[in-house]
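Whatever order the structure lists ligands and atoms in, that order sets their numbers, starting from 1. Hydrogens, waters and symmetry mates are skipped; everything else that's a heavy atom, side chains included, is used.
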Amino acid sequence: MSAILLNPGPVTLSQRVREAMLSADLCHREPEFASLQSAIRRKLIDVYNLEETTWAAGLLTGSGTAAVEAMISTLVPGDGKLLSIENGVYGERISKIAEQYGIPLAVANFEWTAPIDVAQIDRQLGEDQTITHLAVIHHETTTGRLNDLSALLEVCQHRNVKVLLDGVSSFGAEDIPFEYENLIACAATANKCLHGVPGTAFVMVRRDALDQVHPRNLYLNLKSYVDAQDNNGTPFTQSVQTFYALDEALNELNDEGGQPARLSLYRQRMSEIRTVLTGLGIKPLLDAQDCSAVLHAYHLPTNCDYAKLHDALKAAGFIIYAGQGEFAKSLFRISMMGQISSDDIARLAAAFTATLS
Ligand SMILES: *Cc1c(COP(=O)(O)O)cnc(C)c1O
């Protein structure tokens with residue numbers, strides 16, 4: 001039996017998603033592929049009950065970063081300026097993407113353990129009125145913090161600033177306030193909360209935002225994907241097998257009660273394990289109310305380094321995840337995405353107890 005993946009993607013697959021990849025070989029220029037692609041785009045719109053006339057899904061072949069890069073490099077206009085909010089690795093990555101393309105950039109940097117100070121963002125937007133767009137991570141996977149979007153979107157609406165969201169590790173599970181008209185795009189991927197396989201990523205984008213794009217590269221031109229896909233085509237070869245997997249993963253999500261049901265399932269799994277760990281004296285990095293349902297980070301106990309904990313849990317059939325950057329040696333992280341049963345949770349609790357007590 002292969003190990004249960006508790007890293008933040010790729011996830012442990014269900015059998016039905018795995019088997020979907022064995023479907024017929026397809027040419028990406030044939031109608032059979034076009035209907036698979038259209039079905040996925042429709043189902044992605046339905047995850048958050050969006051309107052197909054207002055929103056479009058641009059599907060591309062690549063990891064989550066490809067979708068984030070497509071969003072940033074296409075949607076900030078030539079005369080625009082981006083404010084990038086950093087409170088972890090992924091916010092800092094968006095700043096790097098903007099720098100790579102020479103997009104005029106302002107940064108709002110916070111401690112990795114700190115929430116976004118919305119009043120500071122408001123001041124920053126007031127002081128630099130050339131800022132047109134703001135980029136923010138929804139679930140900052142570095143720490144497990146779920147950044148509060150509503151207050152931020154309010155401030156941006158008031159300042160007439162459009163928001164580009166990295167929803168890579170939240171789309172499919174966490175609530176996302178798509179009703180804000182200044183939230184114009186959300187980048188995400190198949191292989192996190194949607195339980196598909198790595199290889200397909202996508203951007204949900206407001207159709208009217210595609211009227212004023214400024215593509216800065218060829219392969220990640222988001223508009224070219226949406227335009228081609230609206231016409232049953234694709235600019236380049238797509239990863240057909242991962243499309244099959246995503247389509248089946250979306251069917252599975254729907255069968256299991258959709259995004260709200262997934263959110264409560266993750267919450268339940270997470271609180272069970274958090275209770276076990278805190279009972280063993282392990283300290284969480286953040287208060288429960290600040291955490292996503294997707295991933296929590298914990299301080300390593302003084303008597304057990306990461307390698308020892310990782311190896312003991314791997315021997316018991318679970319892959320946990322290390323901290324990143326400044327947290328590489330002090331934290332471990334556990335994600336609750338993927339095909340995980342209540343039996344698995346009980347075995348995981350027992351493995352933690354055996355290793356740490
Ligand atoms: C996983 C992740 C990404 C993308 O990472 P890839 O390795 O390119 O899939 C981007 N942003 C966040 C918040 C993530 O968790």
### Task
Spell out, as yes or no, whether a donor-acceptor pair under 3.5 Å connects the side chain of Arg333 to the backbone of Ala322.
yes

### Message
Taking 4.0 Å as the limit for heavy-atom contacts, which would you say applies to Arg93 with ligand 1: side chain only, backbone only, both, or neither?
### Response
side chain

## Note on the structure
At under 4.0 Å between heavy atoms, what of Val168 touches ligand 1? The answer is side chain

### Task
Compute both the distance and the angle, then confirm whether Lys192 meets the cation-pi test with Tyr90: under 6.0 Å from the six-membered ring centre, within 45 degrees of the axis.
yes

### Query
What's the shortest distance from atom 9 (O) of ligand 1 to any protein heavy atom, and which residue and atom give it?
Gly64 N, 3.0 Å

### Query
In terms of side-chain geometry, is the basic nitrogen of Asp128 or Lys81 positioned less than 4.0 Å from the acidic oxygen of its partner?
yes

### Query
Is the Phe236 ring parallel, tilted or perpendicular to the Tyr225 ring (thresholds 30°, 60°)?
tilted

### Query
Short N/O distance, under 3.5 Å, between Pro8 and ligand 1?
no

### Task
Around atom 5 (O) of ligand 1, find the nearest protein heavy atom and jot down its residue, atom name and distance.
Thr65 OG1, 3.5 Å

### Query
Does at least one non-hydrogen atom of Lys192 fall below 4.0 angstrom from an atom of ligand 1?
yes

### Message
I'd like to know if Arg41 pairs up with Asp230 as an ion pair, taking the criterion as any Lys NZ or Arg NE/NH1/NH2 lying under 4.0 Å from an Asp or Glu carboxylate oxygen.
### Response
yes

### Message
I'd like to know if the side chain of Glu256 reaches the main chain of Arg262, judged simply by a donor and an acceptor atom lying under 3.5 Å from each other, with no hydrogens or angles considered.
### Response
no

### Query
Closer than 4.0 angstrom: is that true for some heavy atom of Asp166 and an atom of ligand 1?
yes

### Task
Would you kindly specify which portion of Ile137 sits under 4.0 Å from ligand 1, judged on non-hydrogen atoms: side chain, backbone, both or neither?
side chain

### Query
If you measure from the Lys or Arg side-chain nitrogens to the Asp or Glu carboxylate oxygens, is any gap between Asp46 and Arg42 under 4.0 Å?
yes

### Message
Any nitrogen or oxygen of Ser63 lying under 3.5 Å from a nitrogen or oxygen in ligand 1? Just yes or no.
### Response
yes

### Task
Decide whether an N or O pair under 3.5 Å exists between His139 and ligand 1.
no

### Task
Please confirm whether the backbone N or O of Ser341 pairs with a side-chain atom of Asp344, one donor and one acceptor, at under 3.5 Å?
yes

### Message
Using a 4.0 Å cutoff against the non-hydrogen atoms of Ser169, which atoms of ligand 1 qualify?
### Response
13 (C), 15 (O)

### Query
What protein heavy atom sits nearest atom 15 (O) of ligand 1, and how far off is it?
Thr141 OG1, 2.5 Å

